[in-house]
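Heads up: the structure comes next, in structure tokens.
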2 protein chains.
Amino acid sequence: MKLKEFASQLGLSPTTVSRALSGYPEVSEKTRKRVAEEAVRLGYRPNINAVRLVTGRAGAIGVIMGRTGEFHFAEFMSGMAERLDGEDIDILVSPTADRDATDEISLYNRLVTSGRVDAVIVHSPKPNDERIALLHGLGFPFLVHGRSETDVPHAWIDIDNESAIRRATSHLIDLGHRRIAMINGRHGRTFSLHRDKGYRDALQERGIPFDPRLVAHDHFTDELGFRYSRSFLEQSPRPTAFVAGSMMTALGIYRAVRSRGLVVGKDVSVIAHDDVFPYLTAENMVPSLSATRSSMRAAGARSADLVLQLLGGRPAEEIHELWTVELILRESTGPAPAEAQS
Amino acid sequence: MKLKEFASQLGLSPTTVSRALSGYPEVSEKTRKRVAEEAVRLGYRPNINAVRLVTGRAGAIGVIMGRTGEFHFAEFMSGMAERLDGEDIDILVSPTADRDATDEISLYNRLVTSGRVDAVIVHSPKPNDERIALLHGLGFPFLVHGRSETDVPHAWIDIDNESAIRRATSHLIDLGHRRIAMINGRHGRTFSLHRDKGYRDALQERGIPFDPRLVAHDHFTDELGFRYSRSFLEQSPRPTAFVAGSMMTALGIYRAVRSRGLVVGKDVSVIAHDDVFPYLTAENMVPSLSATRSSMRAAGARSADLVLQLLGGRPAEEIHELWTVELILRESTGPAPAEAQS
DNA sequence: TTGAAAGCGTTACCAT
DNA sequence: ATGGTAACGCTTTCAA
């Protein structure tokens with residue numbers, strides 16, 4: 001059923017029907033109501049592609065998914081979906097990225113210039129992120145999930161990684177730990193740098209020298225968590241505590257600690273960052289995992305919300321949101337073992 | 001840059017340019033080449049929404065994401081994205097589902113009648129799935145990831161869950177296990193039923209009575225894996241082996257077994273289904289996890305491929321693909337403990 | 001092999 | 001408060 005046909009069945013003009021359905025104020029309440037009811041009854045729905053053509057709006061928010069199946073991603077998107085429910089906006093996942101940087105840029109370029117999305121969300125930015133420069137240059141609406149150090153004014157939402165890791169590290173120091181290892185995220189990403197800074201500042205405040213041999217940067221997988229922590233534990237003196245970037249990393253650390261005949265929470269303390277997954281819970285680990293905690297799903301929902309505001313005309317430079325991260329202490333952290341105290 | 005403007009810069013008509021870019025045969029090779037080069041040079045790209053309106057194609061495949069942040073989902077989509085790279089087709093994730101069944105149906109209805117997608121992928125079907133009936137009724141192209149028992153002819157791709165679990169269970173029986181617990185997926189989903197059947201058939205073949213107290217159906221989370229296995233282990237006699245639906249479930253089982261002072265691979269054997277995640281590896285667990293194994297990412301890639309074929313005109317009733325599942329034995333499975341043998 | 005012109009189904013401007 | 005009509009940018013007959 002097309003607008004013309006539908007309108008003539010109602011004895012109205014296409015114009016009036018269109019206005020009634022789009023909620024324009026100048027249409028009478030009575031008419032609006034009748035149109036709405038008949039639309040449902042007769043099953044009329046505007047052709048989305050015609051609407052898109054004429055309005056220039058795509059009705060979708062773009063997300064570019066990295067090649068590496070990030071487990072965070074599904075949670076974030078699920079949060080977006082939650083918020084976008086009821087709005088007439090979809091999530092468009094663009095095939096591929098992460099081959100090399102040039103490619104990624106051209107991918108963003110194609111996506112935004114193709115008119116398939118009204119805005120995009122940029123994940124895991126670098127301090128000087130090319131994607132941000134590109135999008136700003138194109139004058140295209142975007143929200144950064146994470147932070148950069150660019151001068152370009154833009155909308156962003158982020159968690160306070162630096163403070164979270166500083167507190168986590170300080171707490172370990174309070175417990176008497178001196179050799180604290182850190183398994184961080186990928187090199188060059190701002191969130192990794194922030195976590196590095198929080199870690200180093202905490203050490204420095206207490207006069208503990210920074211030892212680069214206790215720090216790793218990589219993807220968040222159980223395997224890498226295992227490998228790095230295993231190799232750190234082979235050092236002498238060995239670290240008595242770990243700060244880790246993800247739940248998966250923590251799983252690897254737990255394994256490594258056990259494999260050395262050590263006990264988490266006693267011989268080795270562990271704090272990891274928990275994005276709050278429904279399928280893997282810090283509290284349920286054995287021993288339960290102390291964690292810096294912030295819901296990825298909530299971030300996704302709020303991101304969608306902010307993008308909506310952006311599209312609604314709110315200035316990008318006004319949209320900056322920094323979320324506090326909880327530090328939840330559980331059984332995986334305890335006093336540094338006596339023999340390890342120097 | 002619009003077609004008209006671009007065409008006039010080339011000294012050609014819009015018609016010819018359009019044909020050249022769309023690869024129509026009647027345009028001369030020389031012209032086609034020139035048009036293609038100039039398009040790149042001048043940065044002309046057809047307005048996607050105009051194309052969509054006039055062709056009636058949406059250029060997107062729809063996926064409906066459940067409310068529960070399924071960790072499988074990201075891998076599947078990532079596989080889709082991999083295959084769709086280079087094609088001019090996006091993945092459209094539709095906000096929400098999983099509230100109640102009626103709602104989900106109306107959601108599918110809206111999605112496909114809205115013209116935003118050319119096809120949809122249906123996940124985790126039930127034997128008599130309303131979504132399949134709906135889509136078939138609407139004559140809308142779709143691919144089912146999983147199987148149903150409906151008479152409606154349709155395209156599907158699935159793994160051989162029944163055979164996988166039968167082999168897994170049989171193997172445990174070969175090892176002397178008699179009390180084998182099963183932590184399966186959600187009630188009512190075909191894949192859960194297939195796994196149930198594989199499990200029961202294996203028992204029956206060897207004359208082992210089926211005990212409903214050893215079976216659970218639920219979401220795949222570490223917490224539920226822990227809770228069910230914990231409660232099973234409290235039975236007397238306790239089960240000596242577990243068959244589990246996911247890696248997360250397996251994590252929970254490992255914890256529960258340890259919490260009882262038992263040892264996986266010795267006191268209790270475990271086989272779980274592994275969808276092959278980059279961030280959590282069966283081989284790396286301690287002890288390494290025996291698993292039925294099939295790559296979710298590969299399924300996603302192949303699904304995208306099959307949808308493309310479907311849209312290319314291949315009849316749906318011709319598209320049935322059943323993937324064999326590997327059974328990989330590692331350290332989590334061993335002979336039933338002597339004292340437990342009856 | 002190329003071009004002119006008629007749609008595709010809406011929205012939004014300008015009238016009334 | 002309602003209606004006529006010109007876009008929106010492209011593809012696709014129909015002609016040449």
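- Side-chain contact check for B:L308 versus B:R83: some heavy-atom pair is nearer than 4.5 Å.
- At a cut-off of 3.5 angstrom, the base of C:dG9 holds no donor-acceptor pair with the side chain of A:R52.
- Rounded to whole Å, atom C1' of C:dC8 lies 13 Å from atom CZ of B:R57.
- A salt bridge is defined here as a Lys NZ or Arg NE, NH1 or NH2 lying under 4.0 Å from an Asp or Glu carboxylate O, and A:R34 with A:E37 fails to meet this definition.
- Annotation: of the two residues near DNA chain D, B:E26 and A:R32, the 5′-most nearest-nucleotide partner is A:R32.
- Taking the six-membered ring for Trp and the full ring otherwise, the centers of A:F277 and A:F71 sit less than 6.0 Å from each other.
- Of the candidate nucleotides C:dC13, C:dT11, C:dG3, C:dG3 has the atom nearest to the side chain of B:T15.
- B:R297 and B:S78 form a side-chain donor-acceptor contact under 3.5 Å, judged by distance and modelled atom types alone.
- In this structure, B:F6 reaches neither bases nor backbone, as no heavy-atom distance under 4.0 Å exists between it and the strands shown.
- Within the 4.5 Å cutoff, the side chain of A:R116 has heavy atoms near those of the A:L111 side chain.
- Side chain of B:D118 to backbone of B:A58: a donor-acceptor contact under 3.5 angstrom is found.
- Where DNA chain D meets chain A (any atom under 4.0 Å from a heavy atom), the bounding nucleotides read 5' to 3' are D:dA1 to D:dG9.
- Between B:S28 and C:dT1 there is no side-chain polar atom (N or O) within less than 4.0 angstrom of OP1 or OP2.
- Nearest nucleotide to the side chain of A:L3, out of C:dT10, C:dT2, C:dC14: C:dT10.
- In this structure, CG of B:L10 is placed 14 Å from C1' of C:dT2, rounded to the nearest angstrom.
- Where B:G11 and A:L53 meet DNA chain C, the nucleotide closest to each residue was compared, and B:G11 sits on the side nearer the 5' end.
- There is no side-chain donor-acceptor pair under 3.5 Å between B:T15 and B:S18.
- Taking the ring centroids of B:F142 and B:H136, they lie at or beyond the 6.0 Å cut-off.
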Check your understanding: Under a 3.5 Å cutoff on both atom distances, Watson-Crick or G-U, what's the dot-bracket for DNA chain D ([ ] crossing, | other strand)?
Key -> ||||||||||||||||
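- In this structure, CZ of A:R19 is placed 13 Å from C1' of C:dT10, rounded to the nearest angstrom.
- A:T16 places no side-chain N or O within 3.5 Å of a backbone atom of A:L12 that could act as its donor or acceptor partner.
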